[in-house]
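Letters go in sequence order (proteins before strands), and every chain restarts at 1.
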Amino acid sequence: MDKAYNHALFEAKIYEMWEKSGAFSPSLPSTSHSTLRDEPSGSDSKSSGRRMPPFTIIMPPPNASDPLHVGHARFIAIEDILIRYHRMKGESTLWLPGADHAGIETQFVFERKLRVEGKSRFDYDRDTLYKMIWDDVQKNKSTMESQLRILGASCDWTRNKFTLDPEIIKIVYKTFKKLYDEGLVYRGERIVNYCPRCGTAYSQLEVDSVEREDNLYYLDYGTITIATTRPETIFADVAVAVNPNDARYKDIVGKTALLPLVERELPIIEDVLVDKDFGTGALKITPGHDATDFEIGQKHKLQIVSVIDEAGRMKNTPSKYVGMKVEEARQEVVKDLEAAGKIKKIEKIAHVVGLCYRDKGLIEPMLSKQWFIKITPLAKKALEAITKGQVKFVSERYEKIAKHWLKNLRDWNISRQIVWGIRIPAFRCDKCMKWTVTDGAEPVKCPSCGHDKFVQDPDTFDTWFSSGQWPYATLLSSSGISNKEKFEDYNYFYPTSVMETAYDILPFWVIRMIMLGLYATGDVPFRDVVIHGLVRDKEGQKISKSKGNVIDPIDMANKYGADAMRMGMVWGALVENDISLSEDNIRGQRNFANKVWNIARFVLAQPSSKAKKNDEDKKILKELKSTTSKVTKALDKYRLNEAAGEIYEFVWHKFADEYIEKSKDRREQAQKTLEFVLQESLKLIHPFMPFVSEVIWQEGKERFDSPILINASWPKT
RNA sequence: GGAGCCAUAGCUCAGUGGUAGAGCGUUCGCUUGACGUGCGAAAGGUCGUAGGUUCAAUCCCUACUGGCUCCACCA
């Protein structure tokens with residue numbers, strides 16, 4: 001053994017050895033009876049072999065189009081620690097890997113590449129574009145997967161899944177059809193958050209709100225003065241509304257106002273949504289371009305006028321503005337209003353506008369027909385499941401946040417106007433224009449009129465609609481090498497044990513998995529929810545490309561070893577909290593790996609021997625026992641930092657600094673204890689630092705109790 | 001406007017109803033035959049502020065101050 005541990009010499013080989021050994025695949029019960037897990041654990045089950053409880057984590061599928069970043073490294077470290085621990089405890093352990101097609105993200109990135117070549121998505125037909133993105137994604141997907149291997153993820157590659165696998169798509173279709181058939185999906189005309197540059201609508205969650213200063217224009221509408229930040233939309237006005245409790249306007253309600261420039265009469269109506277104290281207390285109602293106005297418009301059965309098209313240009317206005325971009329039109333309209341003497345006052349106000357989370361441009365509220373999921377019944381069940389403890393949030397504060405979300409959700413728009421994704425299986429009859437939803441195939445005959453020509457909705461599902469079904473979709477369609485029949489995975493491993501992911505996708509993903517899981521399977525998708533914090537830099541700053549403070553986990557793994565990188569991901573801070581990651585921290589963990597290596601070098605240099613135990617031996621064995629017990633408890637409570645700290649303290653300071661030092665006077669007598677404590681220490685270390693522990697194990701395996709550490713049994717407590 | 005979180009050693013963070021810990025950093029010693037990616041020792045905190053509960057609070061409660069994050073239709 002070399003004087004210093006050189007991770008680069010071993011890691012790839014060790015991973016290959018594990019993977020080839022089949023250690024990543026769960027060992028299943030020998031019988032293929034699908035409800036085995038539900039059998040009472042009576043004496044007869046013992047006779048048919050040792051029955052192992054399943055332990056399952058479905059990996060949050062990283063975007064297939066991106067390389068891993070340090071945020072991924074954290075979940076890989078956390079989940080792999082849990083997985084390796086449970087595997088060593090003898091449970092039938094499955095960590096199911098996958099990749100997400102990440103609809104909008106991926107198409108957005110791909111279009112940027114096209115732009116570099118002077119092309120755009122409009123240069124290709126749907127199928128060609130899809131094929132091009134598919135090929136591009138396949139390349140990146142394998143990069144991402146090899147990075148998972150570098151970091152030591154002991155996931156079952158024989159069950160690897162992609163959100164666009166045909167079998168996954170089938171399941172997603174089935175869920176959509178069920179929702180539709182049961183009246184939980186509707187096609188609605190709504191104000192959606194439309195990004196004219198991306199050419200698609202976004203869900204509420206994908207819009208960033210920023211405060212900015214704008215002009216608030218007080219416009220003379222004849223009988224009444226209104227205040228607006230968007231004078232260019234006045235041509236889409238259909239009414240003026242005031243608050244019913246506003247004494248100032250009592251007598252003019254029911255009369256009309258006069259729209260400037262085009263001299264159109266508008267009814268003056270009352271609605272409680274109008275704030276008396278804002279502006280003049282009179283609100284112009286523009287249902288085609290504002291969500292509140294749309295709501296008021298619906299209530300009062302007002303007409304809807306659109307004056308902005310999907311490219312963000314004016315339409316249905318006096319001809320001089322037609323074709324202008326919104327900002328340009330605003331200036332022109334203001335100029336004309338000014339000339340007509342209709343602007344009474346301009347003041348600056350700070351208000352909140354929506355920005356596209358992709359390109360940070362302005363979101364245009366637009367009227368559009370999209371598919372929506374009625375969220376209330378789903379959310380109610382999810383809330384119940386959390387309250388009853390069927391799904392447990394390990395951290396109380398994330399439970400609060402999840403509940404808060406579930407109580408405040410609105411209907412979920414699942415249509416996206418992009419090609420990269422799962423195309424919505426809705427077909428409109430050419431003749432009667434009615435929609436038919438199928439489980440994928442084009443219908444033969446229109447159920448309404450019997451016609452046989454259809455047009456499929458060109459839209460695709462929101463990515464989260466498919467990833468929201470991930471736990472059951474993966475298991476329903478997987479079997480792996482260890483299992484011959486599909487559905488057996490589902491029967492055995494569902495509901496999964498733990499969902500582990502970052503808090504920033506709690507509302508996008510976690511609560512939707514609970515809702516859809518309950519809906520589609522009748523059971524929760526997972527028992528425990530472990531939410532981890534984000535990785536920040538040394539100064540606690542959020543890591544982002546623009547700040548230039550990115551830490552590439554693969555670089556770090558190359559430089560200091562995957563073990564050090566992983567340990568750095570859980571060291572020092574609770575899983576649920578953000579961590580500040582510095583290279584110093586990772587280097588410190590590299591030093592620990594080296595310490596372990598040198599302990600082994602010392603112990604393994606001496607031949608095995610037998611001797612009577614003295615007090616020093618008894619003491620270290622007692623400390624080992626107490627450490628094992630603390631580590632086990634900490635791991636069961638997902639307190640990984642605590643577990644890591646205990647191991648570090650014991651191995652370095654108790655075992656190396658104290659016991660080994662004292663043993664030098666009595667090497668032969670101590671050898672047996674040295675070997676035993678080393679063996680048990682390696683087991684404790686293994687979930688955290690799998691490579692160095694396995695390398696050492698292989699160096700001295702004839703002295704240890706298992707041929708391969710990954711399959712060794714967890715120390716007794 | 002709402003919601004959640006945080007405030008402990010120079011830095012990053014653990015922690016407990018009975019007067020505080022780690023890693024890194026710093027200082028001073030160490031060519032001990034596993035390791036200088038190391039060994040030994042040390043300095044360094046009135047645990048944000050003000051009240052309250054308690055025999056006792058850094059830990060529980062209230063208010064305040066400062067910071068972070070998320071949500072929200074005030075045009």
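Legend: residues meeting side-chain contact (heavy atoms from CB on, under 4.5 Å) with A/Ser582, ordered by chain and number and at least two apart, are A/Lys538, A/Asp584, A/Asn585. Qualifying side-chain contact (heavy atoms from CB on, under 4.5 Å) partners for A/Lys299, counting only residues two or more places apart in sequence or in other chains: A/Asp271, A/Val272, A/Leu273. With sequence neighbours excluded, the residues satisfying side-chain contact (heavy atoms from CB on, under 4.5 Å) with A/Asn413 are A/Val192, A/Ala201, A/Gln370, A/Phe372, A/Ser415, A/Arg416. Taking the salt bridge (charged side-chain N to carboxylate O under 4.0 Å, His left out) definition, one finds that A/Glu347 meets it with A/Lys345, sequence neighbours left out. Checked against side-chain contact (heavy atoms from CB on, under 4.5 Å), A/Asp657 has the following partners two or more places apart in sequence or in another chain: A/Lys595, A/Trp652, A/His653.
Spacing between B/rC74 and B/rG15 at atom C1', rounded to whole Å, works out to 45 Å. Rounded to whole Å, the separation between the P atoms of B/rU26 and B/rG10 comes to 15 Å. Nucleotides B/rU37 and B/rG25, compared at atom P, are 12 Å apart to the nearest Å. Here the separation of B/rU8 from B/rG21, taken at their C1' atoms, is 10 Å to the nearest Å. Nucleotides B/rU31 and B/rG23 are separated by 24 Å at their P atoms, to the nearest Å. The P atoms of B/rA50 and B/rC59 are separated by 12 Å, rounded to the nearest whole Å. Nucleotides B/rU58 and B/rC24 place their P atoms 29 Å apart, quoted to the nearest Å. Taking atom P in both B/rG44 and B/rA22, the straight-line distance is 14 Å, to the nearest Å.
The backbone N or O of A/Thr292 sits less than 3.5 Å from a side-chain atom of A/Asp290, completing a donor-acceptor pair.
A donor-acceptor contact closer than 3.5 angstrom is absent between the side chains of A/Tyr5 and A/Asn598. With hydrogens and angles left out, the side-chain atoms of A/Lys374 and A/Thr376 include no donor and acceptor closer than 3.5 Å. Checked by atom type, the side-chain pair A/Asp462/A/Trp412 shows a donor-acceptor distance below 3.5 Å. A/Thr225 and A/Asp220 form no side-chain donor-acceptor contact under 3.5 Å, judged by distance and modelled atom types alone. The closest side-chain donor-acceptor pair between A/Lys276 and A/Asn245, if any, does not fall under 3.5 angstrom. For the 3.5 Å distance criterion, the side chains of A/Glu694 and A/Gln698 qualify, holding a donor opposite an acceptor.
The interatomic distance linking A/Glu646 (CD) with B/rG21 (C1') rounds to 12 Å, in whole Å. As rounded to whole Å, 18 Å separates atom P of B/rU69 from atom CG of A/Leu506. Rounded to whole Å, the distance from OH on A/Tyr560 to C1' on B/rC24 is 13 Å. Here B/rC35 presents its C1' atom at 14 Å from CZ of A/Phe655, a figure rounded to the nearest Å. Atoms OH (A/Tyr398) and C1' (B/rC70) sit 11 Å apart, rounded to a whole Å. We find that CG of A/Asp537 is positioned 12 Å from C1' of B/rC11, with the value rounded to whole Å. Put simply, CD1 on A/Ile586 is 13 Å from C1' on B/rU12, counting in whole angstrom units. In this structure, A/Ile191 atom CD1 and B/rC74 atom C1' are separated by 16 Å, rounded to whole Å.
For A/Tyr398 and A/Trp405, the ring centers sit 6.0 Å or farther from each other.
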Would you give me the side-chain donor-acceptor pairs under 3.5 Å for residues 557-575 of chain A, sequence neighbours excluded?
{"unit_1": "A/Asn558", "atom_1": "ND2", "unit_2": "A/Ile554", "atom_2": "O", "d": "3.3"}
{"unit_1": "A/Lys559", "atom_1": "NZ", "unit_2": "A/Glu583", "atom_2": "OE2", "d": "2.5"}
{"unit_1": "A/Tyr560", "atom_1": "OH", "unit_2": "A/Glu583", "atom_2": "OE2", "d": "2.8"}
{"unit_1": "A/Asp563", "atom_1": "OD1", "unit_2": "A/Phe691", "atom_2": "N", "d": "3.0"}
{"unit_1": "A/Asp563", "atom_1": "OD2", "unit_2": "A/Val692", "atom_2": "N", "d": "2.7"}
{"unit_1": "A/Arg566", "atom_1": "NE", "unit_2": "A/Phe688", "atom_2": "O", "d": "3.2"}
{"unit_1": "A/Arg566", "atom_1": "NH1", "unit_2": "A/Asp80", "atom_2": "OD2", "d": "2.7"}
{"unit_1": "A/Arg566", "atom_1": "NH1", "unit_2": "A/Leu151", "atom_2": "O", "d": "3.0"}
{"unit_1": "A/Arg566", "atom_1": "NH2", "unit_2": "A/Asp80", "atom_2": "OD2", "d": "2.9"}
{"unit_1": "A/Arg566", "atom_1": "NH2", "unit_2": "A/Pro687", "atom_2": "O", "d": "2.8"}

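Residue A/Arg667 is classed as having no contact, given no heavy-atom separation below 4.0 Å to the nucleic acid. Within 4.0 Å (heavy atoms only), A/Asp584 reaches sugar-phosphate atoms of the nucleic acid but no base atom. Within the nucleic acid shown, A/Trp597 has no heavy atom closer than 4.0 Å to any nucleic acid atom.
At the phosphate of B/rU12, neither OP1 nor OP2 sits under 4.0 Å from any side-chain N or O atom of A/Arg536.
Non-hydrogen atoms lying under 4.0 Å from RNA chain B are contributed by A/Val274, A/Asp275, A/Phe278, all within residues 271-281 of chain A. Scanning residues 224-249 of chain A for heavy-atom distances under 4.0 Å to RNA chain B yields A/Ala227, A/Thr228, A/Thr229.
By the neighbour-count criterion of 12 heavy atoms within 6.0 Å, atom CD of A/Glu661 is densely surrounded, having more than that number from other residues, nucleotides or ligands. Annotation: A/Glu189, atom CD; neighbour count of heavy atoms from other residues, nucleotides and ligands within 6.0 Å is above 12.
Between A/Asp578 and A/Ala600, the residue anchored closer to the 5' end of RNA chain B is A/Asp578, taking for each the nucleotide with the nearest heavy atom. The residue among A/Ile579 and A/Glu649 whose nearest nucleotide of RNA chain B is located toward the 5' end is A/Ile579.
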Inset, instruction - Scan nucleotides 36-41 of chain B nucleotide by nucleotide, 5' to 3', and note B when protein non-hydrogen atoms come under 4.0 Å of the base, S if they reach only the sugar-phosphate, - if neither. - result: SBSSS-
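Listed by first and then second residue, the side-chain hydrogen bond (donor to acceptor under 3.5 Å, both in side chains) pairs involving residues 640-650 of chain A are A/Arg639-A/Glu642, A/Glu649-A/Lys654 (not counting sequence neighbours).
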For nucleotides 3-6 of chain B, give me every protein contact, N/O to N/O, under 3.5 Å, one pair per line with atom names.
{"unit_1": "B/rC5", "atom_1": "OP1", "unit_2": "A/Lys400", "atom_2": "NZ", "d": "3.1"}

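Here the NZ atom belonging to A/Lys344 is positioned 13.0 Å from the OH atom belonging to A/Tyr221, to the nearest 0.5 angstrom.
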Inset, instruction - Any chance you could encode RNA chain B as dot-bracket? Rule is Watson-Crick or G-U wobble with both distances under 3.5 Å; [ ] for pairs crossing earlier ones, | for another strand. - result: (((((((..((((.......)))).(((((.......))))).....(((((.......))))))))))))....
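When each of B/rU69, B/rC35, B/rA14 is scored by its nearest atom to the side-chain atoms of A/Arg601, the top-ranked nucleotide is B/rC35.
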